[in-house]
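Report on one structure; see the data block that follows.
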Amino acid sequence: MAAAERTVIENCAIATVDADDTEYATGHLVIRGDRIETVGAGPAPGGLTGVTRRIDATGHLATPGLVNTHHHFYQWLTRGLATDHNLFDWLVALYPMWARIDEEMVSAAARGSLAMMARGGVTTAMDHHYVYPRGTGDLSGAIVRAARDTGVRLTLARGSMDRGESDGGLPPDFAVESLDDALAATEATVRAHHDPSFGALAQVAVAPCSPFSVSTELMRQGAELARELGVRLHTHGSETVEEEKFCHELFGTGPTEYFESTGWLGPDVWMAHCVHMNDSDIAAFARTGTGVAHCPSSNARLAAGIARVPDLLTAGVPVGLGVDGTASNESGELHTELRNALLVNRLGPHREAALTTRQALRLGTHGGARVLGRAAETGSLEPGKLADLVLWRMDTLAHASIADPVAALVLGAPAPVTASFVGGRQIVADGVLLHVDEERLARTTREQAQRLARS
């Protein structure tokens, strides 16, 4: 889109999710090029030039695009398996299948995962990919290409595992890399795909998988590599009581102390789950600026527990939402996590005071952007930020009788997406992906899932 071209959106409710949680009952947005030019109450300013499109968004709520902070795209091919397992048993059951993925499978799975998120309002996605069987093609490149073709921003967390069963880890030995190979491949991925510029469509993070599948040396050298290359760091942390027991038995400390000893706390780090954290753990995250990807559906599916999100937020810890892999959250959608985050956390000790509807929306937008290090670019509707935004239809039977559109979005049924924009480029129209053949993709993902099962 040429810099002078403008799209004008009018007559919609707007939740900006800015620092003041500014909202407009009826307002406008003007997109110029890839940026938001103006946002405010009432109609758009008169006399605008270069307007190529006007959208009457009556009956809609405009929000920032949703930001996913934790996922495993490849798991799209193994949904609906090991449905009654805890985390460790689930991993042991599925690792042998995952270790047989190849580039064709990963491409199909990434496209399926991205498509499902995009049609549900996600404009920035994240994939923590850590299974790299030898001789199976360019898996990282397949993921980056899938995001580009779908039209969604991507943070690819290049994962790794070097602690197999013979070293006391959970993955089979044939599913892990050597220390040197993992570090070299991670560096190559950063150099090939990471774009540090404002508005980048693809960025890369360094992401050894977890304490029970990674050696201490890979954790330590991975952190050093990330900081040398100037990229962010990601891993799983404090997900289950079994993990805490594993860390005490293997390292003589809890997960948070272990992470700090290996250089894995800091403002450039975010961790998935963080369910089993005590007060000192939360204080350490707050002190260091370490972020959290909260995955309520997956945590419930695997019976991991309820993360202390209200306490994390009160302490000032950056928190975003994550789908997690679709083998533990079969819906593969992030907008449902707004509702689940609020409801699950109200089952905890804070009860009805745990989260508000506005806090839930913030977790899925600005909170996620902050966790990924992109809050200056996206996550709120403000002039100068990227035009990553969603128009949710709120005048259908499912939502029309709810006066508060944010409450309708968070607590109601999944709202239809009339339009979704990434950098001013529309990727969804009336619930349909504009750059993806959904029926063809469904066939492809089914075929690749069956091929993986046969293997």
Are Thr235 and Trp264 linked by a side-chain donor-acceptor pair shorter than 3.5 Å?
-> no
Closest non-hydrogen contact found for Ala118 with Leu433 is CB-CD2, 3.7 Å
Check against side chain to side chain contact (heavy atoms under 4.5 Å, CB included), Leu201 and Asp195 = CA-CA 8 Å; Leu201 288 174; Asp195 179 357; over 6 Å; no
Search all heavy atoms of Ala293 against all heavy atoms of Trp270 and return the closest pair with its distance.
-> CB-CD1, 4.1 Å
Just do the side-chain hydrogen bond (donor to acceptor under 3.5 Å, both in side chains) check on Thr418 and Trp392 with the steps written out, would you?
-> CA-CA 6 Å; Thr418 293; Trp392 310 89; over 6 Å; no
Short side-chain to backbone donor-acceptor contact, Ser107 and Glu103, under 3.5 Å = no
Compute the ring centroids of Trp76 and Trp98, then answer whether they are less than 6.0 Å apart.
-> no
When you measure from the side chain of Ser238 to the backbone N and O of Cys274, does any donor-acceptor pair fall under 3.5 Å?
-> no
Applying side chain to side chain donor-acceptor pair (under 3.5 Å) between Arg111 and each of Thr150, Thr444, Asp149, report the one that passes.
-> Asp149
Any side-chain donor paired with an acceptor under 3.5 Å for Arg451 and Gln448?
-> yes
Could you check if a side-chain atom of Phe73 sits within less than 4.5 angstrom of a side-chain atom of Val106, using non-hydrogen atoms only?
-> no
Tightest non-hydrogen contact, residues Val144 and Leu154, listed as CA-CD2, 3.9 Å
Applying side chain to side chain contact (heavy atoms under 4.5 Å, CB included), run through Ile101 and Val131 and close with a yes or a no.
-> CA-CA 8 Å; Ile101 58 174; Val131 183; 4.1 Å; yes
From Asp430 atom CG to Leu391 atom CG, the distance as rounded to the nearest 0.5 Å = 10.5 Å
His70 and His234: side-chain donor and acceptor closer than 3.5 Å?
-> yes
With ring centroids as reference points, do Tyr130 and His72 lie under 6.0 angstrom apart?
-> yes
Report yes or no: does Asp268 contribute a side-chain atom to a donor-acceptor pair with the main-chain N or O of Arg232 at less than 3.5 Å?
-> no
Separation between CD of Gln203 and CG of Leu372, rounded to the nearest 0.5 Å = 8.5 Å
Go through the steps for Asp281 and Thr256 under the test side-chain hydrogen bond (donor to acceptor under 3.5 Å, both in side chains), then give the verdict.
-> CA-CA 6 Å; Asp281 296 330; Thr256 300; 3.1 Å; yes
Using a 4.5 Å cut-off on heavy atoms from C-beta on, say whether the side chain of Thr240 contacts that of Asn86.
-> no
Measure from the side-chain N and O atoms of Ser298 to the backbone N and O of Cys295, and report whether any donor-acceptor pair falls under 3.5 Å.
-> no
Distance-only side-chain donor-acceptor flag, Glu337 / Ser297, under 3.5 Å = yes
Does NZ or CZ of Arg374 come closer than 6.0 Å to the centre of the six-membered ring of Phe198, within 45° of the ring's axis?
-> no
Is any side-chain N of the basic residue among Asp181 and Arg134 closer than 4.0 Å to the acidic one's carboxylate O?
-> no
Would you tell me whether Asp180 and Ser178 have side-chain atoms, one donor and one acceptor, within less than 3.5 Å of each other?
-> no
Heavy-atom pair with the smallest gap, counting every atom of Val204 and Val231 = O-CB, 3.3 Å
Would Arg440 and Asp437 pass as an ion pair if we require N to O under 4.0 Å?
-> no
Would Tyr132 and Tyr74 count as a close aromatic pair, with their ring centres under 6.0 Å?
-> no
Pairwise distance OG1(Thr16) to CG(Asp21) - rounded to 0.5 angstrom | 7.0 Å
Min side-chain heavy-atom separation Val176-Ser213 under 4.5 Å = no
Check whether any side-chain heavy atom of Val292 lies under 4.5 Å from a side-chain heavy atom of Val371, and answer yes or no.
-> no
Will you find, in the side chains of Ser140 and Asp138, an N or O donor that is under 3.5 Å from an N or O acceptor?
-> no
So do the side chains of Met117 and Val323 get within less than 4.5 Å of each other, counting heavy atoms only?
-> yes
Closest non-hydrogen atom pair, Ala360 against Val410 = CB-CG1, 3.9 Å
Member of Gln75, His273, His71, Arg301 meeting the side-chain contact (heavy atoms from CB on, under 4.5 Å) criterion with Asp324 | His273
Nearest heavy-atom neighbours spanning Phe246 and Pro211 | CE2-O, 3.7 Å
Would you find a donor on one side and an acceptor on the other, under 3.5 Å apart, between the side chain of Thr83 and the backbone of Gly80?
-> no
Could you walk me through whether Leu218 and Leu183 pass side chain to side chain contact (heavy atoms under 4.5 Å, CB included), step by step?
-> CA-CA 8 Å; Leu218 181 51; Leu183 291 169; 3.7 Å; yes
Check the pair Glu187, Arg191 against salt bridge (charged side-chain N to carboxylate O under 4.0 Å, His left out), reporting the backbone distance first and the verdict last.
-> CA-CA 6 Å; Glu187 180 174 357; Arg191 297 195 183 282; 2.9 Å; yes
Is there a donor-acceptor contact under 3.5 Å from the side chain of Thr326 to the main chain of Asn329?
-> no
Can you check whether Leu321's main-chain N or O pairs, donor with acceptor, with Thr69's side chain at less than 3.5 Å?
-> yes
Whether Glu377 side chain and Gly199 backbone form a donor-acceptor pair below 3.5 Å | yes
Name each donor-acceptor pair under 3.5 Å that joins a side chain in residues 379-387 to protein atoms two or more places apart or in another chain, with its distance.
{"from": "Ser380", "atom 1": "OG", "to": "Glu382", "atom 2": "OE2", "distance (Å)": "2.6"}
{"from": "Ser380", "atom 1": "OG", "to": "Lys385", "atom 2": "NZ", "distance (Å)": "2.6"}
{"from": "Lys385", "atom 1": "NZ", "to": "Ala375", "atom 2": "O", "distance (Å)": "2.7"}

With a 3.5 Å cut-off and no angle check, do the side chains of Arg425 and His435 form a donor-acceptor pair?
-> yes
Verify side chain to side chain contact (heavy atoms under 4.5 Å, CB included) between Leu434 and Val428, making sure each step is shown before the conclusion.
-> CA-CA 5 Å; Leu434 293 179; Val428 177; 5.8 Å; no
For the residue pair Val206 and Thr186, establish whether any side-chain heavy-atom pair is separated by less than 4.5 Å.
-> yes
Between OG of Ser328 and CG of Asn299, what distance do you get to the nearest 0.5 Å?
-> 8.5 Å
Do the non-hydrogen side-chain atoms of Ile31 and Arg6 ever get within less than 4.5 Å of each other?
-> no
Distance col, row His236:NE2 vs Ser210:OG, nearest 0.5 angstrom, shows 6.5 Å
Within-4.5 Å side-chain heavy-atom neighbours: Val214 and Arg163 = no
N/O donor-acceptor pair under 3.5 Å between Glu333 side chain and His335 backbone = no
How far does CG of Asp167 sit from CG of Asp173, to the nearest 0.5 angstrom?
-> 6.5 Å
Taking His248 for its side chain and Leu250 for its backbone only, find out whether a donor-acceptor pair lies under 3.5 Å.
-> no
